[in-house]
Amino acid sequence: MMPPQGFGRRYMKAFLKGFFVAVPVTVTFLDQVACVARVEGASMQPSLNPGGSQSSDVVLLNHWKVRNYEVQRGDIVSLISPKNPEQKIIKRVIALEGDIIKTIGHKNRYVKVPRGHMWVEGDHHGHSFDSNAFGPVSLGLLHAHATHILWPPERWQRLESILPPERAPVQMEEK
Amino acid sequence: MLRSIMGKTFRLLGYTLQYGCIAHCAFEYVGGVVMCSGPSMEPTIQNCDIVFAENLSRHFYAIQRGDVIIAKSPSDPKSNICKRVIGLEGDKVFTHGPSGYLKSHSYVPRGHVWLEGDNLKNSTDSRYYGPIPYGLIRGRICLKIWPLNDFGFLRDRPNGHRFPDE
């Protein structure tokens, strides 16, 4: 016969043990490996949210790929907004450090991306709050690389890394 | 025999994973012990001092003027810098150098902070690369651990006159 008190204590112990394994492992996984996020707004049309306000895509964000802050031109990445640290924004990388880029509506016509920075733009020019408004962003704000659209199911696809030819940097840094 | 070895290995792997994850959560959300190097924060923090940095104020957006913070360097995300917050968004800050006769000021843009080292003569800070985004801040230094004779909370800012009058 087991006394009820002992049973309760054992149950509690098992619960706490599971809790201290499950929570840190989940948090670390979401922070370091991958997580999912819903995309809001029209700034990345037509790649994301093509249906306008009715639909909103859910994307897979890969943190592991950007752990060394390595991105390619054309990648879709999420980053912490430089104007509002509570918000994450999702944009396409247009230019990396050392590139000279022709801007759209920025205060300077041509901009050389400084060291440790990148130039990001939304695909929907004119409806996107991007580097043309706030200038080149530091790589330290990089959050994750968006690799797949997960939801809605009919839009399940890989997000290709395509640099729009008309937005290619005027002069690329030689590696 | 083989089974017991396998079992032990898996248990060890499980514990490693578990404690690794707990450590990650602690360093990411609570804080950790950091060694500072470089002369830019003298005399508050000398070269090779060991300090305790907490990350809670960053998550709750409670960074204030005068706090000493650790941030990712804007030009190299893999290295960290340690500076004092001089201005928050919307503040008026002086942008002239320590020996500058030319008085000039500017306003810190939204979502940014203005950082300066305490050693104004030997510090690469916002006077050189401009305001940095809040998102680069890693944590706030609250306690000095080593050397032991200097154990305790950080000293107040030595360059009080650098603060803008509001």
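Below, read A as the first sequence line, B as the second, and so on, with proteins coming before strands; counting in each chain starts at 1.
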Would you mind checking which part of A/Pro114 comes under 4.5 Å of any heavy atom in chain B, side chain (CB onward), backbone (N, CA, C, O), both or neither?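 For A/Pro114, no heavy atom lies under 4.5 Å from chain B.
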Which atoms of A/Glu86 are under 4.5 Å from chain B, going by heavy atoms: the side chain, the backbone, both sets, or neither?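 Backbone plus side chain of A/Glu86, per the 4.5 Å heavy-atom cut-off to chain B.
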What's the shortest heavy-atom distance between [X] and [Y], and which atoms?
{"X": "B/Glu28", "Y": "A/Asp31", "answer": "CG-OD2, 3.9 Å"}
{"X": "A/Pro85", "Y": "B/Gly135", "answer": "CB-N, 4.3 Å"}
{"X": "A/Asn84", "Y": "B/Arg110", "answer": "CB-NH2, 3.8 Å"}

Same cluster or not: are [X] and [Y] linked, directly or through other Ile, Leu, Val, Met, Phe, Trp or Tyr residues, by side-chain heavy atoms under 4.5 angstrom apart?
{"X": "A/Ile90", "Y": "A/Phe129", "value": "no"}
{"X": "B/Leu136", "Y": "B/Leu88", "value": "yes"}
{"X": "A/Trp119", "Y": "A/Leu163", "value": "yes"}
{"X": "B/Leu13", "Y": "A/Val25", "value": "no"}
{"X": "A/Met44", "Y": "A/Leu159", "value": "yes"}

Considering only distance and modelled atom types, tabulate donor-acceptor pairs under 3.5 Å from the side chains of residues 134-147 of chain A, sequence neighbours left out.
from, atom 1, to, atom 2, distance (Å)
A/Ser138, OG, A/Gly140, N, 3.3
A/Ser138, OG, B/Pro74, O, 3.0
A/His143, ND1, A/Ser78, OG, 2.9

Just to verify, what does B/Tyr61 make a ring pair (Phe, Tyr, Trp, His ring centres under 6.0 Å) with, not counting sequence neighbours?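 By the ring pair (Phe, Tyr, Trp, His ring centres under 6.0 Å) rule, B/Tyr61 matches B/Tyr134.
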Name, in order of residue number, those residues of residues 16-24 of chain A that have a heavy atom at a distance of less than 4.5 Å from a heavy atom in chain B; otherwise write 'none'.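 The stretch touches chain B at A/Phe20, A/Val21, A/Pro24.
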Under 4.5 Å, counting heavy-atom pairs only, tell me which of B/Gly111, B/Ser73, B/Gly14, B/Ser75 racks up the most with chain A.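 The answer is B/Ser75.
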Looking at CZ of A/Phe29 and CG of B/Leu17, how far apart are the two atoms once the value is rounded to the nearest 0.5 Å?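 Reported value, rounded in 0.5 Å steps: 11.0 Å.
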Tell me every residue that passes side chain to side chain contact (heavy atoms under 4.5 Å, CB included) with B/Arg11, counting only those two or more places apart in sequence or in another chain.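 Checked B/Arg11 against side chain to side chain contact (heavy atoms under 4.5 Å, CB included); matches are B/Tyr15.
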Counting only non-hydrogen atoms closer than 4.5 Å, does B/Tyr19 touch chain A with its backbone (N, CA, C, O), its side chain (CB onward), both, or neither?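 When you check distances to chain A, no heavy atom of B/Tyr19 falls under 4.5 Å.
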